[in-house]
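First up is the structure itself, then whatever we jot down about it.
When a ligand or atom number is given, it counts from 1 through the structure's own listing order.
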Amino acid sequence: MKRFTMNQLQEFFHDKAIESVLDIGTGTGDFVMVLDNVFQGRAHITGIDPGEQWLNEARERFHQPHIEFRRMEGEKLAFDDQSFDAVSMSKALHHLDDITATMNEIRRVLKPGGWLIIDEVSADELNEAQENHKMLHHVKSFVDRANGISHQETWSKAEIRDILTRQGVEIKLSFPHELMENTIIDETILNEKYRMMEQHLEVLNGKPGYHQIAGQLPLFKERLKKHGFKMATMLMVVGQFR
Ligand SMILES: C[S@@+](CC[C@H](N)C(=O)[O-])C[C@H]1O[C@@H](n2cnc3c(N)ncnc32)[C@H](O)[C@@H]1O
């Protein structure tokens with residue numbers, strides 16, 4: 001994540017006492033790294049995820065005593081009421097089985113006046129290289145859903161804000177930011193992206209829905225060659241429950 005993004009978060013939180021943070025859908029802990037920088041190693045961070053394989057990787061990355069990882073789903077948090085000063089979710093909102101149940105849990109475990117930090121992949125105002133990321137991501141989400149795994153397509157920035165507002169979040173800060181500075185034009189890496197879509201589709205081969213999206217593969221190849229590949233713009237949202 002770019003320093004500018006971290007600076008904006010740091011600036012926002014500089015006069016707020018944040019001692020405990022819960023990161024939901026932490027994966028291998030990429031966002032824990034950001035949080036630890038933003039709160040300058042002074043907050044206890046707990047990362048949770050249902051995927052034990054991701055958590056094992058995360059545990060190998062972080063050895064600081066103020067960072068811990070636990071296996072858990074956002075919809076059922078094994079924490080007491082009012083346990084955290086802030087709860088975060090990065091690239092995880094569109095993976096949740098039940099957004100309302102998770103938001104209710106977040107509201108319960110947050111201290112009064114506690115902060116919600118949501119970083120989410122956005123679907124609008126993307127350039128052609130970023131549209132390629134969206135295309136690959138949406139094929140993956142289609143395949144996941146076909147296999148019974150919760151994974152929505154990404155939303156526009158207005159939709160993300162709207163989802164959070166309807167869940168009772170009062171947005172205090174929101175800004176788009178980029179995770180990738182440059183467009184990938186290296187042929188080897190572009191071939192890897194193509195291979196990724198091929199692998200996603202292989203999982204679906206012979207199952208309902210395959211023919212619906214199989215046609216995307218040649219189009220994706222053509223688009224990668226023409227435009228390259230870049231991660232979609234992210235939307236950072238910080239708010240409090242009303
Ligand atoms: C795209 S990864 C994001 C990982 C990390 N937060 C990051 O920013 O790189 C989405 C994560 O959400 C997790 N996830 C899926 N369903 C979840 C749920 N119901 N509760 C909590 N996490 C969930 C997945 O296991 C996965 O690790």
Numbered atoms of ligand 1 (with element) below 4.0 Å of [X], judged on heavy atoms:
X: E73; answer: 20 (N)
X: E75; answer: 18 (C), 19 (N), 20 (N)
X: D30; answer: 9 (O)
X: S90; answer: 3 (C), 5 (C), 6 (N), 7 (C), 8 (O)
X: W54; answer: 25 (O), 27 (O)
X: L96; answer: 18 (C), 19 (N), 20 (N)

Just need the protein heavy atom nearest to [atom], so name the residue and atom and give the distance.
atom: atom 9 (O) of ligand 1; value: K91 NZ, 2.9 Å
atom: atom 13 (C) of ligand 1; value: D49 OD2, 3.4 Å
atom: atom 12 (O) of ligand 1; value: G25 CA, 3.7 Å
atom: atom 20 (N) of ligand 1; value: G74 N, 2.9 Å
atom: atom 15 (C) of ligand 1; value: H95 CB, 3.8 Å
atom: atom 17 (C) of ligand 1; value: P50 CG, 3.7 Å

Is it the case that [X] and [Y] place a side-chain donor and acceptor less than 3.5 Å from each other?
X: N127; Y: H227; value: no
X: H95; Y: D144; value: no
X: Q152; Y: S141; value: no
X: N56; Y: R59; value: yes

D23, portion touching ligand 1 at heavy-atom distance under 4.0 Å: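 Contact part for D23 vs ligand 1: neither.
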
Listed once per pair and sorted, the side-chain hydrogen bond (donor to acceptor under 3.5 Å, both in side chains) pairs that draw on residues 197-208, sequence neighbours left out: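 Those involving residues 197-208 are N147-K207, R195-E198, R195-E202.
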
Distance (rounded to the nearest 0.5 Å) between L93 CG and W155 CH2: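 If we round to the nearest 0.5 Å, L93:CG and W155:CH2 are 4.5 Å apart.
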
Test log, rule salt bridge (Lys or Arg N to Asp or Glu O under 4.0 Å), inputs R166 and E159: CA-CA 10 Å; R166 277 189 277 117; E159 284 171 326; over 6 Å; no

Atom pairs and distances, side-chain donor-acceptor, residues 211-218, under 3.5 Å, sequence neighbours left out:
none

Reference residue H137; test side chain to side chain contact (heavy atoms under 4.5 Å, CB included); the match among M197, K91, H94, M231: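 By the side chain to side chain contact (heavy atoms under 4.5 Å, CB included) criterion, H137 pairs with just one of M197, K91, H94, M231: H94.
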
